[in-house]
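Worksheet: the structure to be examined is printed underneath.
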Amino acid sequence: MSSYPNLRLRRTRASAWSRALHRETILTPADLIWPVFVTEGKGVTEDIGSLPGVSRGSVDVIAKRAREAVALGIPCLALFPNTPKDLRDEDGSEAHNPDNLMCRAIRAIKDACGEDIGVLTDVALDPYTSHGQDGLLDEAGYVVNDATVDALVQQALNQANAGADIVAPSDMMDGRIAAIREGLEETGHANVQLMAYAAKYASAFYGPFRDAVGSGGLLKGDKKTYQMDPANAEEALREVRLDLDEGADSVMVKPGLPYLDIVRRVKESFQVPVFAYQVSGEYAMIEAAAAAGAGDRDALVLETLTAFKRAGASGVLTYHAPLAARLLG
Ligand code: PBG
């Protein structure tokens, strides 16, 4: 190893062409998954107060966004429904309606784009329950595991029947990956992928999302009896191992930026596709910083997304996907 002055690390940084040549991590639009919020109506877009720049869209609008994503080189859309209040109940039964918002959006995207884009669907009951929890409650208000898993299997099959390419359970129930995998096999959906929200933390960064799907005002208490304690890392590796053993095709770490150590440890422990979710609160922080003149939006977006890839992520779910793809294109 040579040393200064023979070794000058600034030498390769001195010009743009050289920095490009030595860059270790390359971010492309193909690394991005774009989460979108679906709402009732036709030609409707609705702003979301806590997510400036993001709007819900009716099914036809979402189909247009899918075409926009294809044009930008974004390979996958993640769908979340804003279920009207009168269709929500204790058990989230609207999740099983083959004509619910989610299923109509899946079909509209497939009609518009066919195989040009993947559709990822969220499996969890919170957009459908009157209490905003991800599962079924007992009398004490505890989210029960096994009965919830049965409901999640039905929800996932409903989405697969509508044409979902990737079902992504975000509920953190034990045993749901194996149960959903078995359900998919038995119903002729062997090629539907399972992306497990394997290490999902009980985070303070989800607030704007809950506004976006309309469960924020309904949720009492928190989700700490099923989502992970932010203090834990070894437990995340156990969660990931379990989900892989149960048949997950890929795993996710969520939230993103505050958990890059988890992304790195998962990638080093298991050589599997790892995705990270730059969640709503992270998006809102970047937007707030930009609005306050505390940072340049475009630069903050590209730097944070590059950090995910450097940490080992195969891809990132981000509300900044269309902006980032435009900047990269
Ligand atoms: C619900 C779900 C949440 C998010 C994705 N799926 C919220 C929660 O667990 O309360 C959060 C995404 C975000 O904040 O952007 N199962």
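The chain is numbered in sequence order, starting from 1. For clarity, every value in this text was computed on a predicted model and none was experimentally measured.
- The residues D249 and R181 are annotated as salt-bridged, a charged nitrogen and a carboxylate oxygen being separated by less than 4.0 angstrom.
- Note that NZ of K223 and CG of D171 are 10.0 Å apart. Values are rounded to the nearest 0.5 Å.
- Counted by atom type alone, S55 and R65 present one or more donor-acceptor pairs between their side chains at under 3.5 Å.
- Hydrophobic clustering keeps I106 apart from V123 (ILVMFWY residues linked when any side-chain heavy atoms are closer than 4.5 Å, directly or through intermediates).
- The salt bridge (Lys or Arg N to Asp or Glu O under 4.0 Å) test with R176 is passed by exactly one of D134, D243, D146: D243.
- Residues A63 and I109 share a closest heavy-atom pair of CA-CG1, 4.5 Å.
- Residue N97 holds its CG atom at 8.0 Å from CG of L87, rounded to the nearest 0.5 Å.
- Interatomic distance, CD1 of I74 versus CG of D116, reported as 13.5 Å (0.5 Å rounding).
- In the model, S215 has no side-chain atom that pairs as donor or acceptor with a side-chain atom of D126 under 3.5 Å.
- Looking at every heavy atom in both residues, C103 comes nearest to N158 through SG-ND2, 3.6 Å.
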Tell me which donor-acceptor pairs under 3.5 Å the side chains of residues 255-266 have, and how far apart each pair is, sequence neighbours excluded?
residue	atom	partner	partner atom	Å
R264	NE	A311	O	3.4
R264	NH2	R310	O	2.8

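- Minimum interatomic distance between A325 and P29 (heavy atoms only, all atoms of both residues): CB-CB, 4.0 Å.
- Summarising the local packing, CD of E303 is surrounded by 12 or fewer heavy atoms from other residues, nucleotides or ligands at distances under 6.0 Å.
- By the 6.0 Å contact criterion, CZ on R241 is open, its count of non-hydrogen atoms from other residues, nucleotides or ligands being 12 or less.
- Closest non-hydrogen pair, G135 versus L125, comes out as CA-CD1, 4.0 Å.
- Under the 4.5 Å side-chain heavy-atom criterion for ILVMFWY residues, no single connected hydrophobic cluster contains both L219 and M172.
- Taken together through direct or relayed side-chain contacts under 4.5 Å among Ile, Leu, Val, Met, Phe, Trp and Tyr, I117 and V167 form parts of separate hydrophobic clusters.
- None of T25, T28, D31 except one satisfies the side-chain hydrogen bond (donor to acceptor under 3.5 Å, both in side chains) rule with K309; the exception is D31.
- D122 contributes atom CG, which lies 7.5 Å from atom CD of Q159 (distance to the nearest 0.5 angstrom).
- The local environment of CG in D86 is crowded, with over 12 non-hydrogen atoms from other residues, nucleotides or ligands closer than 6.0 Å.
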**Asked** Could you walk me through whether S93 and D91 pass the side chain to side chain donor-acceptor pair (under 3.5 Å) check?
**Response** CA-CA 5 Å; S93 54; D91 296 339; over 6 Å; no
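- With respect to the salt-bridge test (charged N to carboxylate O, under 4.0 angstrom), the residues D298 and R326 do not qualify.
- Chaining together hydrophobic side chains whose heavy atoms lie under 4.5 Å apart places F275 alongside I33, F37, I48, L51, V54, F80, L120, I166, M195, Y197, F205, Y206, F209, V213, M252, Y277, V279, Y283, M285, L317, Y319.
- Residues L323 and V61 fall into different hydrophobic clusters, defined by Ile, Leu, Val, Met, Phe, Trp and Tyr side chains chained together at heavy-atom separations under 4.5 Å.
- How far OH of Y128 is from NE2 of H96: 9.5 Å, rounded to the nearest 0.5 Å.
- Taking all atoms of both residues into account, the shortest heavy-atom contact from A324 to L305 is CB-CD1, 3.5 Å.
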